[in-house]
Amino acid sequence: MYKIYFITFGCKVNHYETECMKELFRQAGFEITDEEEKADAVVINSCTVTSSGDSRALTALRRTREALPSAVIALTGCYPQADPGEAGKLTEADIIAGTKHRSGIVDMVCSCLEDRKRIVELSDYSSDELFEPLKCTRFDRNTRAFVKIQDGCNQFCSYCMIPYARGRCRSKPLEVLRGEIREIAANGVREIVLSGINLCFYGREWGGDLADAAEICAETAGIERIRLGSLEPEMMSDELLARLKALPQFCPQFHLSLQSGCDRILKAMNRRYNAAEYLALTQRIRSIFPDCSFTTDVMVGFPQETGADHAESLDFVRKIGFAKVHVFRYSRRKGTRADKMDGQVPESVKTLRWQEMTSAAEKSREEYLRSLVGRTVPVLFERENSTEFHRGYAPDYTLIKISRKNPEKSLRNQIISVIIEEYGHDCCFGSAVADV
């Protein structure tokens, strides 16, 4: 039995695809190992959202080759797909495959283990590309499952390589999704997180809607929670919100991608909304889901961003009241329009703006957690990893901890009502309403 080890970078979609590949290897008789030094083969699933993402994947590739000179190493994911010319030169990898042909990865590795002939499998996406039929029904946590239902992007934001690395928008067929969700539920998973590269485009090829996928999850016995991944603000229709509201299982945490709170910068980024529209959307959602939370991503240091632009974005972030903000510096990506723009912001300035935005984000996070004190919320508890606390998540995706009175007792995969009594740096603490 061959042993195989996985290294994964990037987003939840990448992690889902790694789980799918693990499932394919298990079915082929491989043993998935957590001990890299014992692996006969290693799969590195890369990310190319930022240049630092590329660097991390390349560092991992070179370190792995040095540590395991006789192992078969496969480099997959967005980096080789977006830059096939450079990726093809990487002699440290025995197999180079992008974001296509995942279903063939087992055959590639088996072939290479047998004859050690190098394999480069990189091809462009066609305009009529279909959704690759991968699925995953086993998850390590066994409480929450990320399910990829959409791939590709049609937006072409000026800073982003993803349309080149993932192709155009395409969706998992509803009947395929239905079967996958049933298998996941049969394995004991109670929460589904629907994920995609541009999730709100789900089903548009056939006149469908993201709500269709959420409703399939809701009608599946055993699924008690449904979450959505990252959402594009301009695609959040009133109909979608109304259909989500009708689902008792829906968890009202909205990750609405912002990038900037300055209209001038949003336009330069080729985003499809302005700050006023974004604000109006959050107000509309709050009127429908009073206990909702908003999380987001914010970029600082985009080309031509002035101090005044940054201040405008800061003020906007403070105004929304986000539960959590992922702040990152603009990273130049060869092949994007933003890379060719004049007025590139110095790294030292980016760092200062990152610090200011991070400070504002942390304050917003603290204010949000403080506002939860006194609420009673249902918490889905996860795998125990502490003798001091049981840990789980409320519907708004706030981490909740309660004291673990009996170290021998586990609450994993149970939903229990908890009254929130205090907040900490990145979580809240409380007590179960009933004895547990």
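Quick note: residue numbers are just sequence positions, from 1. Only a predicted model underlies this, so the values are computations on that prediction, with no experimental measurement involved. Keep in mind that the numbers below use all heavy atoms, side chains included, and drop hydrogens, waters and symmetry copies.
Distance NZ/Lys319 to OG1/Thr282: 9.5 Å, rounded to 0.5 Å. Atom CZ of Phe381 sits about 11.5 Å away from atom CZ of Phe389, to the nearest 0.5 Å. Going from atom OG of Ser230 over to atom CG of Asp297 covers 6.0 Å, rounded to the nearest 0.5 Å. Here Arg412 contributes atom CZ and Gln414 contributes atom CD; the two are 9.5 Å apart, rounded to the nearest 0.5 Å. In this structure, the separation between CE on Met21 and OG on Ser103 is 11.0 Å, given to the nearest 0.5 Å. Distance CG/Leu228 to CG/Leu244: 6.0 Å, rounded to 0.5 Å.
Between the side chain of Thr59 and the backbone N or O of Ser55, at least one donor-acceptor pair lies under 3.5 Å. Under the 3.5 Å distance criterion, the side-chain polar atoms of Arg404 are matched with a main-chain donor or acceptor of Ser386. Using a distance-only test at 3.5 Å, with no hydrogens or angles considered, a donor-acceptor pair links the side chain of Tyr202 to the main chain of Lys172. Of the possible donor and acceptor atoms, one in the side chain of Gln150 sits under 3.5 Å from a partner among the backbone N and O of Asn198. Panel note: side chain Arg190, backbone Asn413; a donor-acceptor pair is recorded below 3.5 Å. Distance alone, capped at 3.5 Å, is enough to place a donor-acceptor pair between the Gln81 side chain and the Ser123 backbone. A donor-acceptor pair under 3.5 Å is formed between the side chain of Arg65 and the backbone N or O of Leu68.
Between the side chains of Ser171 and Glu205, a donor-acceptor pair is found at a separation under 3.5 Å. Ser371 and Tyr423 share no side-chain donor-acceptor pair at under 3.5 Å. One side chain, Arg102 or Asn45, offers a donor N or O that lies under 3.5 Å from an acceptor on the other. Judged purely by distance below 3.5 Å, without hydrogens or angles, the side chains of Thr48 and Asp54 pair a donor atom with an acceptor atom. Side chain to side chain, Glu367 and Ser364 fail the donor-acceptor criterion of an N or O pair below 3.5 Å. When only modelled atom types and interatomic distance are considered, Asp339 and Thr336 share no side-chain donor-acceptor pair under 3.5 Å.
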- Please lay out, stage by stage, how Glu86 and Lys89 fare under the test salt bridge (Lys or Arg N to Asp or Glu O under 4.0 Å). CA-CA 5 Å; Glu86 289 301 312; Lys89 300 174 185 176; 3.3 Å; yes
- Task: Any chance you could lay out the side-chain hydrogen bond (donor to acceptor under 3.5 Å, both in side chains) test for Ser359 and Glu362, step after step, and finish with the verdict?
- Result: CA-CA 5 Å; Ser359 177; Glu362 289 175 348; 5.4 Å; no
- Task: Decide salt bridge (Lys or Arg N to Asp or Glu O under 4.0 Å) for Asp426 and Lys324; before the verdict, give the C-alpha distance in whole Å, the side-chain angles of both, and the deciding distance to 0.1 Å.
- Result: CA-CA 9 Å; Asp426 206 37; Lys324 196 166 188 178; 3.8 Å; yes
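A salt bridge is absent between Asp83 and Lys334: the closest approach of a Lys/Arg side-chain nitrogen to an acidic carboxylate oxygen does not fall below 4.0 angstrom. A salt bridge is defined here as a Lys NZ or Arg NE, NH1 or NH2 lying under 4.0 Å from an Asp or Glu carboxylate O, and Glu347 with Arg329 fails to meet this definition. Contact check on Arg243 versus Glu215 returns a salt bridge, with a Lys/Arg side-chain nitrogen under 4.0 Å from an Asp/Glu carboxylate oxygen. With respect to Glu92 and Arg62, a salt bridge is recorded, a charged nitrogen being found less than 4.0 Å from a carboxylate O. Checked for salt-bridge contact, Arg353 and Glu356 miss the test: no charged N lies under 4.0 Å from a carboxylate O.
Relative to the ring axis of Tyr125, Lys100 places its NZ or CZ within 45° and under 6.0 Å from the centre. Seen from the ring of Tyr393, Arg144 counts as a face-on cation partner, given the 6.0 Å and 45° thresholds. For Lys245 and Phe250, the positive end is not near the middle of the six-membered ring at less than 6.0 Å and at most 45° from its axis.
Side chains of Phe429 and Lys401 form a contact here, defined as non-hydrogen atoms less than 4.5 Å apart. Between Met299 and Ser260, every side-chain heavy-atom pair lies at or beyond the 4.5 Å cut-off. At a threshold of 4.5 Å between non-hydrogen side-chain atoms, the residues Ile96 and Glu121 do not count as touching. No side-chain heavy atom of Gln344 sits under 4.5 Å from any side-chain heavy atom of Phe302. Between Val349 and Trp354, every side-chain heavy-atom pair lies at or beyond the 4.5 Å cut-off. Counting only heavy atoms from C-beta outward, the side chains of Asp209 and Leu240 approach each other to under 4.5 Å. Two residues are said to be in side-chain contact when any heavy atoms from C-beta on lie closer than 4.5 Å; Ser293 and Pro252 fail this criterion. By the 4.5 Å heavy-atom criterion applied to side chains, Phe294 and Gln253 are not counted as neighbours.
Counting all heavy atoms, side chain and backbone alike, Cys169 lies closest to Cys153 at SG-CA, 3.7 Å. Residues Asn14 and Ser46 come closest through the heavy atom pair ND2-O, 2.8 Å. Closest of all the heavy-atom pairs between His101 and Glu132 is C-OE2, 3.5 Å. The two atoms that bring Tyr5 and Asp34 nearest to each other are CE1-O, 3.7 Å, heavy atoms only. Looking at every heavy atom in both residues, Arg286 comes nearest to Cys292 through CG-SG, 3.8 Å. Closest approach of Cys251 to Arg227, counting heavy atoms only: CB-NH1, 3.5 Å.
Partner Leu411 forms a side-chain contact (heavy atoms from CB on, under 4.5 Å) with one of Leu380, Ile402, Val379 and no other, that one being Ile402. Considering Arg365, His326, His255 in turn, His255 is the only one that fulfils the side chain to side chain donor-acceptor pair (under 3.5 Å) rule with Thr295. Shown are Ile216, Thr220, Ile223, Ile149; of these, the side-chain contact (heavy atoms from CB on, under 4.5 Å) with Ile192 is made only by Ile223.
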Name each donor-acceptor pair under 3.5 Å that joins a side chain in residues 265-280 to protein atoms two or more places apart or in another chain, with its distance.
unit_1	atom_1	unit_2	atom_2	d
Asn270	ND2	Gln155	O	3.4
Asn270	ND2	Phe156	O	3.1
Arg271	NE	Tyr273	OH	3.0
Arg271	NH1	Tyr159	OH	3.4
Arg271	NH2	Glu232	OE1	3.1
Arg271	NH2	Ser257	OG	3.1
Arg271	NH2	Tyr273	OH	3.2
Arg272	NE	Asn270	O	3.3
Arg272	NH2	Gln155	O	2.7
Tyr273	OH	Ser257	O	3.1
Tyr273	OH	Leu258	O	2.6
Asn274	OD1	Ala276	N	3.2
Asn274	OD1	Glu277	N	2.8
Glu277	OE1	Asn274	N	2.9
Tyr278	OH	Leu256	O	2.7

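Between Tyr79 and Phe9, a ring centre-to-centre spacing not shorter than 6.0 Å is recorded.
Qualifying salt bridge (Lys or Arg N to Asp or Glu O under 4.0 Å) partners for Glu36, counting only residues two or more places apart in sequence or in other chains: Arg63.
Within 6.0 Å of CD on Glu37 lie more than 12 heavy atoms contributed by other residues, nucleotides or ligands.
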